[in-house]
Amino acid sequence: MLNIYDESSEATNRNKKLKVQNDKNKQTLHNLCDWLYPDKTAIEYHDLENIKIISYRELRKAKETILNHLKCIGHPEFIGIDSDISEYCVPSLMLGILDSGHAFFNIPADSLVYAEIFTSLNVKYIFTKCVTPNKEIICKFNICEQSVYLVKLMNVQESIINRKWYHFAYAITTSGSTGAPKVVKVPHTCVLPNITDLKKILDITNSDKIAQLTNFTFDPSIIEIFLSLYCAATLFMISKALVNETGRLLEEMFHGCVTVLQITPSLLFHKWSTQRLKTTILGKDSKLRILLLGGEPFPSMKLLSEASHPQNMTQLFNIYGITEISCWSSIKEIIKDSVDESCLGEPLSETVFQIKNEDNEVIIKGEGTLYIGSSTRICIVGNETEENLDKLVFRNTGDVVSIDDQRRIRFKGRRNNIVKRFGNKVNLRELERVATELSFVRNCATFWDAKSHKLYLCLSITDTKREISKLKDDIMSHLKILPAIYKPDKIIIVECFNFTTSGKICHASLRQICRDSETEVISANDLSADADEIFENLWSNHMKSKDAGFLASGGTSITALQISSAAAEVFNIEFPELVGMLLRDCTFDKCFDYIKSTLISRSCDKAIDRSIDVSLHDLSKKIVNTEDYVMKQSSRNSFPLSSNEKHSHQWYKCRGKTYGDEKHIKSRLEHISNIEVVATYNLQKCVDASPTIYRYSQSELYATVGSHSGIICTINLLKTDSIPYEVKLPDRIEASILVLADFRGIVGCYDGCIYCIHLKTGNIIWKFQTQDMVKCTAIMCMQENKIFVGSYDLHVYCLSIEDGIQIWKTKASQGGICATGCLHQQSSSVLFGTLDGSCLALEQSSGRIVWKCKLQNPIFVAPVVLQTGYALFCSVAGALHCFDIETDCQMWRYMIYGNVFSYPVIWTLESTGDEYIILASHNKNLYCLETSREIIEKNEPKLKYTLQLQSSIFATSWCEDGYIFVACTDGIFKIYDLPEGKLLATKQLPGETFSSPVVHNDIAVLGCRDNNLYVLKFG
């Protein structure tokens, strides 16, 4: 059973007993040493030329020499050990310092850390080989044939500090992987359990030889040294020169019969190839008993298997911990061919684990941040004082873990390695894990450049003879098993990584590598460079084919954003139409024509106000206008608007919103507990469009929706067993149907036309040709005699409802329009958002732009208007902006950090008049934001709650009578109590769902990617 903290648990009681026993024994790190074998080798020191042997007798003598020289220092001090002292002398100095009642610290080479630790510890004395003018020599003596000085630093300002230092063993700094390095003071009682536990778990005896490869400024070095001395084993030490001779070092360890090795995975696989490991320390004749891999995520078993001979008997351990709890906190033996390499194992003694979710609640199942606690293993971190610490102290590891039903904890990644990319959470560790599954990848690291929003994947490889382009293709192909959001902007092949003194990949060096890789491309900014080649490189980084359309080649909205952002950075100019072109399936050639024309236009210092193939478009306009005129005349003659049926709808509902006279709506939603399917209608292809529900009279309730097949289906919701009406248009339909009187419907199509059709007979009443596909749903003006609709051709059109004649058209921006508009009654304007991030208000009568603002990212969703008249626009990156368009003032901005393709929905609480904004995201969360008058006056919305779902959300939610209806992309339809966010009922549909549910009374209608329209009934 995993030791998870619980105040009533046996673990806590055991900790208290151990604390009492430790207090009784008063053990210290140095008196653990086993001196019973004076002639046995204590240290075996290897340099490039010789092997130096130091026996336990010699080690003890050196320790006593140091002790005698330190008697002149009256009070307990932190005494430094300079990095210039030979490695084999350091254990003697540590022991002598501890024996004299002082504490030691190994001086880091980093001057910034050096200054920080000296100030924090009020350092006055250090051991060194070199004397400088600011040091007063106290004494000089020999240790193991090396001259060493004990010096006092001059002009050190005495600090008034608590000198209860007798219980501290040493001080050390954290690695700085989560921020600035912190000074940690470590008591004897904190580190002792590590030594005693590992002796028992690893069965260390005096016949073992323990490698000491770790830098002295990294706390595992303390464990290596004192574990060896505690067990009367031999410590295998190496010189600084030998560290850099990696081939020689491996041979020395192999032939020197090292039995215990602790190392970081990065260092192990970067220093040595899998082939060399397989024939040496992980070979069939190796004496290595124990391999401890820690400090970083455990490597894949596939890589370890490649590096190990089938007959190798080395035991593998995943060892985990943080400096703030004095090194190691848990250990897990990893059996070869296991899939459990990410498991952290059982906590070591006097240590407990606690996992908290994002709400800071302790959990026993799920995913959260790991905290490590103890009532005895308490280090003093930074400016802390012992008096201010509780008896049980928990430290935040900054690591994300998961815990399952068996209470097994698995490492998922660093909290600071989970970044926001295009509004989605990306776990960089997951990308690294999948990349290392490739046999030719030796080591990898990711770098997220927050400034440029670029994700880099850096790799060192074993097969250096392979063609780089083919190798990158293989990597990209393999990475497809991850969601598209994980696709790196750039893959960089690194000859060798730089490492920190702790043996971890150096993040600062990685940043420089990634930024240097952009220098050549960005310098190609000049138009004299080959723009074709530059854009081809950008394209090939993301897409495999240049011949097929962007979408046909597997492109997504995320990829479109990546390519557009990269092009803007490389050429140092915005290409606002590019995202829209990609999303309407343009090929590489078409996109490059646009890039080239924009660059030429810039070089001529002309305004960029054109679309692709202008002359062709002008020609097509003339043809289209002629066709429209002929078609309109024949349509009016063949199907007059006055028919025998007289139907004027009371209201209609679509995509989160109700239009028309709402007083006619009598809702009967109450006590929902289950959902059943009452009817399905096959539309031949995916139904991604959102249905429209409308009522002509109490006895007539209908729903209409289009599909990818071009079929528009109209059903009678009061007679679901009746045959539906079907109309076929020539291309895909993703827009919703605007329903008019007498079963007329207006809808845009992928063929670039806006159609007005009779929903029963299929007769075309009129059609209007735009210059690109129409995904935008039309809306009526306040007088209900004209419509407003946007097109991917960058324009907003105002058309007559009666005959489809164009009243006006306005070029809205440099981006296409896919989202529905919204009437702004307070200003008599109509609002639209575009794919280049433009927010607009257009005068309804003339189309004149009366207000405009630009967001940083494309807008895929409709704006909404609050009771105050404030307008809300939401970008795809999850930035919700509130504008007072009449004063041209931004009232507030709220980030949800998730891509948004779902329209915001406003729900008003009738009792108070308070408004709530419901916003669903691709990040699997649904947000309920409160915007009461009191909150608005403070210029910020308040998050009421977040619903966490198991799948992304594209569909717009429906809110009614205190219920919220949500369709996830995985096909799960859910109903929640809206005020509290409580789940009431769930229904699984057989396919993915991008269609938005529409609800009336106890019925919901929505489309599915299994080609069906579903009618659901609530019970």
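Computed from heavy atoms alone, side chains included, the values below leave out hydrogens, waters and symmetry copies.
Residues passing the side-chain hydrogen bond (donor to acceptor under 3.5 Å, both in side chains) test with K982: none are found, sequence neighbours excluded. The salt bridge (charged side-chain N to carboxylate O under 4.0 Å, His left out) search around E432 returns none, not counting sequence neighbours. For F788, the ring-ring contact (aromatic ring centres under 6.0 Å, His included) partners two or more places apart in sequence, or in a different chain, are W808. Under the rule for a side-chain hydrogen bond (donor to acceptor under 3.5 Å, both in side chains), R429 has no partner lying at least two apart in sequence or in another chain. With sequence neighbours excluded, no residue forms a ring-ring contact (aromatic ring centres under 6.0 Å, His included) with Y681. The side chain to side chain contact (heavy atoms under 4.5 Å, CB included) check on Q856 picks up nothing, with sequence neighbours excluded. For N417, there are no side-chain hydrogen bond (donor to acceptor under 3.5 Å, both in side chains) partners two or more places apart in sequence or in a different chain. When the side-chain hydrogen bond (donor to acceptor under 3.5 Å, both in side chains) test is applied to S300, no partner is found at least two apart in sequence or on another chain. For F860, the ring-ring contact (aromatic ring centres under 6.0 Å, His included) partners two or more places apart in sequence, or in a different chain, are F901. Partners of F994 by ring-ring contact (aromatic ring centres under 6.0 Å, His included), not counting sequence neighbours, listed by chain and number: F954. Evaluation of the salt bridge (charged side-chain N to carboxylate O under 4.0 Å, His left out) rule for D977 yields no partner, not counting sequence neighbours.
With S402 as reference, R410 is the one residue of K365, R410, R408 to meet the side chain to side chain contact (heavy atoms under 4.5 Å, CB included) rule. Of the candidates V1015, V998, L718, I1003 forms a side chain to side chain contact (heavy atoms under 4.5 Å, CB included) with just one, namely V1015.
Heavy atoms of other residues, nucleotides or ligands lying less than 6.0 angstrom from NZ of K356 number more than 12. Within a 6.0 Å radius of CD1 in I723, no more than 12 heavy atoms belonging to other residues, nucleotides or ligands are found. Crowding of K412 atom NZ: a count of heavy atoms from other residues, nucleotides or ligands under 6.0 Å not exceeding 12. Counting non-hydrogen atoms of other residues, nucleotides and ligands closer than 6.0 Å to OH of Y945 gives a total above 12.
Note that CG of D836 is 12.0 Å distant from CG of L578, once rounded to the nearest 0.5 Å. Note: H922 NE2 to S952 OG = 3.5 Å, rounded to the nearest 0.5 Å. Note that the CG atom of L983 and the CG atom of L949 stand 8.5 Å from one another [nearest 0.5 Å]. Here the CG-CG distance, from N682 to D1010, works out to 8.0 Å after rounding to the nearest 0.5 Å. Between the CD1 atom of I964 and the CG atom of L978 there is a distance of 5.0 Å, given to the nearest 0.5 Å. Rounded to the nearest 0.5 Å, atoms CG (L740) and SG (C756) are 6.0 Å apart.
Considering every non-hydrogen atom in both V705 and S690, the closest pair reads CG2-C, 3.9 Å. Between I363 and G368, the shortest heavy-atom contact is CD1-N, 4.3 Å. For the residue pair P863 and F873, the shortest heavy atom distance occurs at CB-CE2, 3.6 Å. Of all heavy-atom pairs spanning A955 and P997, the tightest one is CB-CD, 4.3 Å.
The shortest distance between side-chain heavy atoms of L455 and L431 falls below 4.5 Å. Looking at heavy atoms from C-beta onward, N925 lies out of side-chain contact with I896 at the 4.5 angstrom threshold. Residues I953 and T969 fail the side-chain proximity criterion, which asks for heavy atoms closer than 4.5 Å. Two residues are said to be in side-chain contact when any heavy atoms from C-beta on lie closer than 4.5 Å; L479 and V434 meet this criterion. Side-chain contact check for P941 versus T931: some heavy-atom pair is nearer than 4.5 Å. Looking at heavy atoms from C-beta onward, L926 lies in side-chain contact with I918 at the 4.5 angstrom threshold. A 4.5 Å side-chain heavy-atom check between I975 and F1018 finds at least one atom pair inside the cut-off. For the pair E430 and L482, the minimum side-chain heavy-atom distance is below 4.5 Å.
A donor-acceptor contact closer than 3.5 angstrom links the side chains of R655 and T956. For the residue pair Y725 / T761, no side-chain donor-acceptor distance below 3.5 Å is found, with atom types taken as modelled. Side-chain contact of S709 with S707: a donor-acceptor pair under 3.5 Å is present, judged by distance alone. For the residue pair Q950 and K974, a side-chain donor N or O sits within less than 3.5 Å of a side-chain acceptor on the partner.
For Y702 and F743, the ring centers sit closer than 6.0 Å to each other. Between W651 and H1000, the distance separating the two ring centers is shorter than 6.0 angstrom.
Without hydrogens or angle criteria, D585 side chain to L551 main chain gives a donor-acceptor distance under 3.5 Å. The closest donor-acceptor contact from the side chain of S736 to the backbone of T777 lies at 3.5 Å or more, if one exists at all. S921 places a side-chain N or O within 3.5 Å of a backbone atom of N899 that can act as its donor or acceptor partner. Remark: the backbone N or O of D473 is not paired with any side-chain donor or acceptor of S477 at under 3.5 angstrom.
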Open item on the list: Is there a side chain to side chain contact (heavy atoms under 4.5 Å, CB included) between Y903 and T820? Walk through the geometry before answering.
Closed with: CA-CA 9 Å; Y903 289 16; T820 310; 3.2 Å; yes
- [ ] Please step through side chain to side chain contact (heavy atoms under 4.5 Å, CB included) for the pair L428 and I418, ending with a clear verdict.
- [x] CA-CA 6 Å; L428 301 182; I418 298 176; over 6 Å; no
Task: side chain to side chain contact (heavy atoms under 4.5 Å, CB included) between F973 and I675, worked out - done: CA-CA 9 Å; F973 179 72; I675 307 168; 3.7 Å; yes
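For the pair K653 and E960, the salt-bridge criterion is met [side-chain N within less than 4.0 Å of a carboxylate O]. The residues R415 and D399 are annotated as not salt-bridged, no charged nitrogen and carboxylate oxygen being separated by less than 4.0 angstrom.
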Taking distance alone, no hydrogens or angles, what donor-acceptor pairs closer than 3.5 Å link side-chain atoms of residues 745-755 to residues at least two apart or in another chain?
| unit_1 | atom_1 | unit_2 | atom_2 | d |
| --- | --- | --- | --- | --- |
| Y750 | OH | E734 | OE1 | 3.4 |
| Y750 | OH | E734 | OE2 | 2.9 |
| D751 | OD1 | C753 | N | 2.9 |
| D751 | OD2 | Y755 | OH | 2.5 |

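Using cut-offs of 30° and 60° on the angle between ring planes, the pair F965 and Y963 is tilted. Ring geometry for W907 versus Y916: interplanar angle of 30 to 60°, hence tilted.
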